[in-house]
Amino acid sequence: MTRRQFLHAASTLAIAAAAPELGLQAAELKSATAGHLPRWRGFNLTERCVERRQGNNPPFQESDFALMAKWGFDFARLPLSYLCWTAPDGWLKLRETELQDLDEAVEFGRKHAVHINLNLHRAPGYCVNPPKEPLDLWTDEKALAACAFHWAQLAKRYRGIDSKRVSFDLLNEPANISEEKYVRVVKSLVQAIRAEDPQRLIIADGLRWGREPVHGLADLGIAQSTRGYDPMQVSHYKANWVRGSDAWAEPTWPLTLKNQSTIDKERLRNERIVPWQQLAKKGVGVHVGEWGAFSRTPHAVVLAWMRDCLQLWKEAGWGWALWNLRGDFGVLDSNRADVDYEDFRGHKLDRQMLQLLQGG
């Protein structure tokens, strides 16, 4: 039996065998289409987000998937760098052993009833974070061909696994580019995927770092992913990668700006929910692919802001994925100075945040 046959068989035959372990979780697997996404809720798992020196990225941990399922979550977004599985001497040379780590994550998702969303956080020709890619995905045909190649390989690899188990999120947070350029690239990537797997559920991030819906993709039969980082003064206060954030006033929620205007729940609804609801009316499913607040924002402010975000998304019928599970935005090991952490399986658990998320 080939690796793909094994994955396909596991995804279609193992639910009954796993029922005693999973209990009601197996019954909660949700069908997914581009026009109607489930209200998936979960976390970003970042083991393959950045290629580490000498390629020593840690493997995905089954305990993370088991814990998410135990806590009632059903979605894991895996932001990936293509450099993690390409050879140093060529971005079209794939390292099979590294790709097998993705296979393992897909299997962990099946075992624990957690949907796996594969995202190219760093793609040939584009990454929202430094260092800049040597070629530009939006203007260079060689970069676009390489990006399409990688998605085609992933599509071939996971062909036959139902989209309720695995979906593709094409590119992370396209920034200040025109809609015309973005639509051209997305259409090429979708074509490459569908040539290998016509049934795969595909998601595209919105423009302007995922914040703006892309109406030019509405007829392509794909869903779209937004973000939950507004306002940045709350979500990225003193984040060392955001220039000037160390000079921002300590945030409150609602947030009063220097010009005395206020950002509150209703403003978020009008600016960040309503425009995406207009897209959804065209038959496009919407999901919040990333959100959260950095550890320097006061905890009480974070919880108040998160509560309003969760209520807005619940009203809209949208799911979400917190950045991240473990780390400065997460519920585990977030290194906040103002949290009374609970010792939990060798980690520091923010129980208040967890309970808020479980209710959202």
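A salt bridge links Glu315 with Arg269; the closest basic N to acidic carboxylate O contact falls under 4.0 Å. The pair Arg110-Glu104 does not meet the salt-bridge criterion, since no charged nitrogen lies less than 4.0 angstrom from a carboxylate oxygen. Salt-bridge annotation for Asp328 and Arg336: absent, with no side-chain N of the basic residue lying under 4.0 Å from a carboxylate O of the acidic one. Salt-bridge annotation for Arg272 and Asp230: present, with a side-chain N of the basic residue lying under 4.0 Å from a carboxylate O of the acidic one. Taking 4.0 Å as the cut-off between side-chain N and carboxylate O, Glu179 and Arg208 do not count as a salt-bridged pair. A salt bridge links Glu96 to Arg157: one of the charged nitrogens lies within less than 4.0 Å of a carboxylate oxygen. Note on Arg48 versus Asp101: salt bridge recorded, some NZ/NE/NH1/NH2 to OD/OE distance being below 4.0 Å. No salt bridge links Glu51 with Arg122; every basic N to acidic carboxylate O contact stays at or beyond 4.0 Å. Look at Arg227 and Asp205 and you find a salt bridge, because one of the NZ, NE, NH1 or NH2 atoms lies within 4.0 Å of a carboxylate O, short of that distance. Using a cut-off of 4.0 Å between Lys/Arg side-chain N and Asp/Glu carboxylate O, Glu173 and Arg211 are scored as not salt-bridged.
Surrounding CD of Gln61 are more than 12 heavy atoms belonging to other residues, nucleotides or ligands, all under 6.0 Å away.
A donor-acceptor pair shorter than 3.5 Å can be found between the side chains of His112 and Glu62. A donor-acceptor pair shorter than 3.5 Å cannot be found between the side chains of Trp241 and Asn129. His150 and Trp91 form no side-chain donor-acceptor contact under 3.5 Å, judged by distance and modelled atom types alone. Judged purely by distance below 3.5 Å, without hydrogens or angles, the side chains of His115 and Lys164 never pair a donor atom with an acceptor atom. Using modelled atom types, one finds a donor on one side chain and an acceptor on the other under 3.5 Å when comparing Asn259 with Ser261. For Asp333 and His347, the side-chain atoms include at least one donor-acceptor pair closer than 3.5 Å. Side-chain polar atoms of Arg77 and Asn324 form no donor-acceptor pair below 3.5 angstrom. Donor-acceptor pairing under 3.5 Å is lacking for the side chains of His287 and Asp169. If you check the side chains of Tyr158 and Asp103, you find a donor sitting under 3.5 Å from an acceptor.
The backbone N or O of Pro254 sits less than 3.5 Å from a side-chain atom of Thr252, completing a donor-acceptor pair. Side-chain atoms of Arg41 do not come within 3.5 Å of backbone N or O of Ala321 as any donor-acceptor pair. Proximity of a side-chain donor or acceptor of Ser245 to a complementary backbone N or O of Val242 within less than 3.5 Å is detected. Under the 3.5 Å distance criterion, the side-chain polar atoms of Asp162 are left unmatched by any main-chain donor or acceptor of Arg165.
Here the closest heavy-atom approach between residue Ile116 and residue Leu118 is recorded as CG2-CD2, 3.7 Å. Residues Gly206 and Trp276 approach most closely at CA-CH2, 3.9 Å, considering heavy atoms.
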Requested in this report: Check the pair Asp340, Arg351 against salt bridge (Lys or Arg N to Asp or Glu O under 4.0 Å), reporting the backbone distance first and the verdict last.
Outcome: CA-CA 9 Å; Asp340 184 14; Arg351 177 68 69 174; over 6 Å; no
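Using a 4.5 Å heavy-atom cutoff, the side chains of Glu342 and Lys348 are not in contact.
The line from OG of Ser31 to CG of Leu201 is 11.0 Å long, rounded to the nearest 0.5 Å.
With sequence neighbours excluded, the residues that form a side chain to side chain contact (heavy atoms under 4.5 Å, CB included) with Ala316 are Ile273, Gln277, Trp318.
Ile263 and Tyr237 fall into different hydrophobic clusters, where Ile, Leu, Val, Met, Phe, Trp and Tyr side chains are chained together by heavy-atom contacts under 4.5 Å.
Under the 6.0 Å distance and 45° angle rule, Arg200 counts as a cation-pi partner of Phe168.
A tilted orientation is assigned to the rings of Trp305 and Trp291, their planes being inclined by 30° to 60°. Taking the six-membered ring where the residue is Trp, Phe294 and Phe329 present tilted rings, their angle falling between 30° and 60°.
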